[in-house]
Asker: 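Let me begin by handing over the structure; questions about it come next.
So that the names make sense, note that chain A is the first sequence line, chain B the second, and so on, each numbered from 1. FYI, side chains are in, hydrogens and waters are out, and symmetry mates aren't considered; it's all heavy atoms of this structure.
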There are 2 protein chains.
Amino acid sequence: MLPPKTEQELLQRANELAGKTFFNLSKELHKKIPDNLLTEKGWLGQLLELALGASAGSKPEPDFKELGIELKTLPLNAQHQPKGSTFVCTASLPCATEWQQSNVYQKLKCILWIPIEADPNIPFAERRIGAPILWRLTTVQEKILKQDWEELTEMLTLGDYQNLTARVGTYLQMRPKAANSKVLRESINRESEKQLIVPRGFYLRPHFTKQVLR
Amino acid sequence: MLPPKTEQELLQRANELAGKTFFNLSKELHKKIPDNLLTEKGWLGQLLELALGASAGSKPEPDFKELGIELKTLPLNAQHQPKGSTFVCTASLPCATEWQQSNVYQKLKCILWIPIEADPNIPFAERRIGAPILWRLTTVQEKILKQDWEELTEMLTLGDYQNLTARVGTYLQMRPKAANSKVLRESINRESEKQLIVPRGFYLRPHFTKQVLR
DNA sequence: CAGGATCCAGACGTGGATCCGT
DNA sequence: ACGGATCCACGTCTGGATCCTG
């Protein structure tokens, strides 16, 4: 699938997916639903990348590079509310200098959200894809996210890992992001000494993503 | 195979390999000689790592970390002379500051050379492993290598890629080191601008490795 | 003959995310 | 409920080197 050339083309493709079950989509794309979903957590997200022509790959670029649009699933619980937090990007030193140049801002400024059913009572194959939401950060949201990012980034830069827990931040938080807790990476602590830390990533809290659903 | 605990133990293991054919060793280790040797160029080197208990892995550390000893094959032609150049390590920015802290010095200061037959007239499976040579850099050799390294490193740091060819250096040279010539990496040129260059590695010239054979 | 080109294995990092115990 | 832990895919990079053409 080639990347969409315009925002309209992307939205059209996404609208065509709305209402389909995971089974429908996987069949159309000739992909088998994994036997063990516990070990292929990102499978549906990657299926949607394929379905929409996102340029897969682990680059610090939007999924739709030419359009400047990021793709994200938005798993919803039985009450049609965001089920959990949303991964944004990894956090690594040296951090960006300014908010608008940060990976976080680049990821968040424009997102095509695809709501998906994630109520565990619905069998996986029968869950449906929702209507897409092309969303842009508002001024008010950006102000708070910028504050969060600056606070978290400063703690990271200072090497203040003691206080850098998932409790910090209003909309944005930092949590572990690694294969497991034994994975360590070299970093610098506040005394400028080398230190091994658990790699971390930025996540959006559920009470932020609720706003996406209006 | 556990790593050898002492230099003596390592040398004993290496001496036990001397005289064996590639067929002998591969059979002992229950490894099949590859059908296509053109596409598994490093196969024997990796077999020797296994045979000697080298800690495999692509780290900037000696193969025998505790002993500070690096392992290298030394392919010999029909005249029992080094057949070609010897890869040392990749060259990447930011380069080390001082010779003694450089990856090149760390790799070269102490090497266990394993001569191997590489005369194309001998069928691969019948080629033999030679007697190991535990070798340390001499003061005279180090002086020239240091000069080479400093010259090459300065050109790399300055971004002087025009003149940074494989012709520079007495004992040490820099040559492409990548999957193919289309692989490019971001770097900085002498005007401090971003530039895409072919990744390079450090290599020892044959007239240097000849000295290893006395 | 040697400078430039090439190939595999394995570790690692990022992006896709969800799991799960308190 | 959520903070900490975990899992797959895949591209990249390094270390093991040799190939190949003028």
Asker: Does atom CG of B:Asn180 have more than 12 heavy-atom neighbours, drawn from other residues, nucleotides or ligands, at distances under 6.0 Å?
Answerer: yes
Asker: Apply side-chain contact (heavy atoms from CB on, under 4.5 Å) to A:Ala125 and list each qualifying residue two or more places apart in sequence or on a separate chain.
Answerer: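 For A:Ala125, the residues satisfying side-chain contact (heavy atoms from CB on, under 4.5 Å) (neighbours in sequence not counted) are A:Phe23, A:Ile33.
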Asker: Once side-chain hydrogen bond (donor to acceptor under 3.5 Å, both in side chains) is applied, do any residues pair with A:Gln81, and if so which ones, sequence neighbours excluded?
Answerer: none
Asker: Could you tell me the separation between the CD1 atom of B:Ile197 and the P atom of C:dG4, rounded to a whole number of Å?
Answerer: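 Going from B:Ile197 (CD1) to C:dG4 (P), I get 14 Å.
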Asker: Heavy-atom contacts under 4.0 Å between residues 68-79 of chain A and DNA chain C, which residues?
Answerer: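 Those residues are A:Glu70, A:Lys72, A:Thr73, A:Pro75.
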Asker: Send over the distance from B:Gln81 CD to C:dC1 P, rounded to a whole Å.
Answerer: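 One finds 11 Å between P of C:dC1 and CD of B:Gln81, rounded.
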Asker: How close do B:Tyr161 and B:Ile188 get, heavy atom to heavy atom, and via which atoms?
Answerer: OH-O, 3.4 Å
Asker: List the atom of B:Ala131, the atom of B:Pro115, and the distance in Å for their closest heavy-atom pair.
Answerer: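 Taking every non-hydrogen atom into account, O-CD, 3.2 Å.
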Asker: If you look at every heavy atom in A:Leu71 and A:Ile114, which pair is closest and at what distance?
Answerer: CD1-CG1, 3.7 Å
Asker: Under 4.0 Å from OP1 or OP2 of D:dC2: is there any side-chain N or O of A:Ser85 that close?
Answerer: no
Asker: For A:Glu154, what residues pass the salt bridge (Lys or Arg N to Asp or Glu O under 4.0 Å) criterion, not counting sequence neighbours?
Answerer: none
Asker: In terms of ring plane angle, is the pair A:Trp43 and A:Phe124 parallel, tilted or perpendicular, where the classes change at 30° and 60°?
Answerer: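 Because their plane-to-plane angle lies in the 30° to 60° range, the rings of A:Trp43 and A:Phe124 count as tilted.
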Asker: What heavy-atom pair brings B:Arg200 and B:Val198 nearest, and what distance separates the two atoms?
Answerer: NH1-O, 3.2 Å
Asker: Identify, between A:Cys89 and A:Ile116, the residue whose nearest nucleotide on DNA chain C lies closer to the 5' end.
Answerer: A:Cys89
Asker: Given D:dT14, C:dG3, D:dG16, which nucleotide is nearest the side-chain atoms of B:Lys107?
Answerer: D:dG16
Asker: Please list, by residue number, the residues of residues 164-185 of chain A whose heavy atoms come closer than 4.0 Å to an atom of DNA chain C; answer none if no residue qualifies.
Answerer: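 When residues 164-185 of chain A is checked for heavy atoms under 4.0 Å from DNA chain C, the hits, listed by number, are A:Arg175, A:Lys177, A:Arg185.
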Asker: Does anything in residues 13-33 of chain A come within less than 4.0 Å of DNA chain D? Heavy atoms only, and list the residues if so.
Answerer: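 Output list: empty, so none.
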Asker: Under 4.0 Å between a side-chain nitrogen and a carboxylate oxygen: does that hold for A:Glu40 and A:Lys31?
Answerer: no
Asker: Does any residue of residues 39-47 of chain B have a heavy atom under 4.0 Å from DNA chain D, and if so, which ones, in number order?
Answerer: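 B:Lys41, B:Gly42, B:Gly45, B:Gln46 - these, ordered by number, are the residues of the stretch whose heavy atoms sit under 4.0 Å from the strand.
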Asker: Quick check: on DNA chain D, is the nucleotide nearest A:Lys59 upstream (toward 5') of the one nearest A:Arg205, or the reverse? Name the residue that is more 5'.
Answerer: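 Per heavy-atom nearest nucleotide, the more 5' residue is A:Arg205.
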Asker: Write down the distance between CD (B:Glu49) and P (D:dT14), rounded to a whole number of angstrom.
Answerer: 17 Å
Asker: Do A:Ser92 and A:Arg185 meet the criterion of a side-chain donor-acceptor pair at a distance under 3.5 Å?
Answerer: no
Asker: Mind checking what makes side-chain hydrogen bond (donor to acceptor under 3.5 Å, both in side chains) contact with B:Arg128, not counting sequence neighbours?
Answerer: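 Residues passing side-chain hydrogen bond (donor to acceptor under 3.5 Å, both in side chains) with B:Arg128: B:Glu117.
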Asker: What is the distance from CZ of B:Phe208 to C1' of C:dA2, rounded to the nearest Å?
Answerer: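 Distance check: B:Phe208 CZ to C:dA2 C1' gives 18 Å.
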Asker: Check whether any side-chain heavy atom of B:Lys177 sits under 4.5 Å from a side-chain heavy atom of B:Tyr203, and report yes or no.
Answerer: yes
Asker: Rounded to the Å, how far apart are B:Ile114 CD1 and D:dA17 P?
Answerer: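 That distance rounds to 10 Å.
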Asker: Identify, with sequence neighbours excluded, every residue that meets side-chain hydrogen bond (donor to acceptor under 3.5 Å, both in side chains) alongside B:Lys109.
Answerer: B:Gln106
Asker: Between D:dT6 atom C1' and A:Leu37 atom CG, what is the distance in whole Å?
Answerer: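 My rounded result for the distance is 15 Å.
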Asker: When the distance from CD of B:Glu61 to P of C:dA11 is rounded to whole Å, what number comes out?
Answerer: 13 Å
Asker: Quantify the bending of the helix from C:dC1-D:dG22 to C:dT22-D:dA1 as the angle between its end axes, each fitted on five pairs, to 10°.
Answerer: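 Between the axes fitted at each end of the helix from C:dC1-D:dG22 to C:dT22-D:dA1 lies an angle of 0°.
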Asker: List the residues meeting ring pair (Phe, Tyr, Trp, His ring centres under 6.0 Å) with A:His207, not counting sequence neighbours, and say none if there are none.
Answerer: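 Counting only residues at least two positions away or on another chain, A:His207 forms a ring pair (Phe, Tyr, Trp, His ring centres under 6.0 Å) with A:Tyr171.
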Asker: Would you say a side-chain N or O of B:Ser92 is under 4.0 Å from OP1 or OP2 of D:dC13?
Answerer: no
Asker: Specify the closest pair of heavy atoms between B:Ile69 and B:Glu7, including all atoms of both residues, with the distance to one decimal.
Answerer: CD1-CG, 4.0 Å
Asker: Any N or O donor-acceptor pair linking the side chain of B:Tyr203 to the base of C:dA2 at under 3.5 Å?
Answerer: no
Asker: Can you name the side-chain hydrogen bond (donor to acceptor under 3.5 Å, both in side chains) partners of A:Glu150, sequence neighbours left out?
Answerer: A:Lys146
Asker: Whole-Å distance between D:dT18 P and B:Leu204 CG?
Answerer: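 In whole Å, D:dT18 P lies 13 Å from B:Leu204 CG.
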